[in-house]
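Heads up, the thing below is written out as structure tokens.
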Amino acid sequence: MAAFFLGVNANAARMDMVDVSNNNGYMSTAEYVSMRNEFGVKALTVKISEGTTFKDGYAASNIANGQAAGLYVNSYHFAHYKTKAQAIAEADFAGQTAKAAGLPVGAVLATDVESAEEQGILSQATNDRNNAAFMKEIQKFGYRADIYTSGSWANNKMTIKSKTGWVAGYPYVMSGQKWYTNNNAW
């Protein structure tokens, strides 16, 4: 992650939020302070879990260290569900895992829906139903719910309403880009 920030063009768009997971390894408070002070990062989105068995081993330290650096902390769960019952089971697992990792009540816990092998083969209506079930269930843990997906899936494989959703967009040149301006993040 540090290498990513060191290589960023100074003329690039401001980075307000970063996404961290077990793929980044341990991130110290000092690294988060550097992201805040040098790159304008204001928020952190931490991977919490995946499916019904994977708990991100760095979630608790990422949450604690991000908070210690003064960042607003959110999280996400990588979804594998294909049915409403599976979506509810994954939400229960994610909610329990988030509580144990120290995610503050009131934070966002998004469902990251982008598995081609699972949601990619489902209809938009089925994905919408499953996502709604996940989001309703996650609210029982005191978290705000949202959806994270790729730009090609937004309003194609699932409905992303205006002023909601975190849409993945990876432009080669970020300066001047204003993609998905009706959504929470991109």
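What you see is a predicted model, and the numbers here were worked out from it, not measured in a lab.
Clustering ILVMFWY residues whenever any of their side-chain heavy atoms sit less than 4.5 angstrom apart, transitively, puts M135 in the very cluster that holds F141. Connection of V46 to V41 is established within a shared hydrophobic cluster, with ILVMFWY side chains joined at heavy-atom distances below 4.5 Å, either directly or through further cluster members. M17 is not connected to Y72 by any chain of hydrophobic side-chain contacts under 4.5 Å among Ile, Leu, Val, Met, Phe, Trp and Tyr, and they are in different clusters. By the rule that hydrophobic residues join a cluster once side-chain heavy atoms approach within less than 4.5 Å of another member, I63 and Y58 end up as members of separate clusters.
For V73 against G66, the heavy-atom pair with the smallest separation is CG2-C, 4.3 Å. The minimum heavy-atom distance linking G51 with F93 is given by the pair O-CD2, 3.4 Å. Annotation for N65 and M27: closest pair ND2-O, 2.9 Å, computed over non-hydrogen atoms. Looking at every heavy atom in both residues, H77 comes nearest to A94 through ND1-CB, 3.7 Å. Taking every heavy atom of both residues into account, N74 and R144 meet most closely at OD1-NH2, 4.4 Å.
The backbone N or O of Q124 sits nowhere less than 3.5 Å from a side-chain atom of N127 that would complete a donor-acceptor pair. With T97 contributing its side chain and I48 its backbone, the two residues share no donor-acceptor pair below 3.5 Å. Of the possible polar contacts, one joining the Y143 side chain to the L103 backbone as a donor-acceptor pair under 3.5 Å is found. Between the Q119 side chain and the S115 main chain, a donor and an acceptor come within less than 3.5 Å of each other. Remark: side-chain polar atoms of E31 are paired, donor with acceptor, to backbone N or O of S28 under 3.5 angstrom.
For K99, the NZ atom sits in a packed shell: over 12 heavy atoms of surrounding residues, nucleotides or ligands are nearer than 6.0 Å. Under a cut-off of 6.0 angstrom, the local environment of NZ in K157 is crowded, with over 12 non-hydrogen atoms contributed by other residues, nucleotides or ligands.
A 4.5 Å side-chain heavy-atom check between K47 and N22 finds at least one atom pair inside the cut-off.
Because its NZ or CZ atom is not both nearer than 6.0 Å to the ring centre of F134 and within 45° of the ring axis, K84 does not count as a cation-pi partner of that residue.
Using modelled atom types and a 3.5 Å distance limit, the side chains of Y81 and T111 yield a donor-acceptor pair. With no hydrogens or angles considered, no side-chain donor-acceptor pair links D146 and Y76 at under 3.5 Å.
Atom CG in D92 sits 7.5 Å away from atom CD1 in I138 (nearest 0.5 Å). For the atom pair OG of S75 and CG of L109, the computed distance is 3.0 Å after rounding to the nearest 0.5 Å. Here CG of D16 is found 11.0 Å from CG of L71. Values are rounded to the nearest 0.5 Å. The structure places CG of N130 at 9.5 Å from CD of E90, a figure rounded to the nearest 0.5 Å. Rounding to the nearest 0.5 Å places CZ of F78 at 11.5 Å from CZ of F54.
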Determine whether Y32 and Q67 satisfy the following criterion, side chain to side chain contact (heavy atoms under 4.5 Å, CB included), listing intermediate values before the conclusion. CA-CA 9 Å; Y32 289 121; Q67 287 176 316; over 6 Å; no
Tell me, with the steps shown, if M35 and V18 meet side chain to side chain contact (heavy atoms under 4.5 Å, CB included). CA-CA 9 Å; M35 289 180 203; V18 293; 3.9 Å; yes
From CA spacing to verdict: side chain to side chain contact (heavy atoms under 4.5 Å, CB included), E114, D112: CA-CA 6 Å; E114 55 182 322; D112 180 354; 2.5 Å; yes
So H80 and E50, side chain to side chain contact (heavy atoms under 4.5 Å, CB included) or not? Walk me through it. CA-CA 7 Å; H80 287 285; E50 186 171 328; 2.8 Å; yes
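Evaluation of the salt bridge (Lys or Arg N to Asp or Glu O under 4.0 Å) rule for E118 yields no partner, not counting sequence neighbours.
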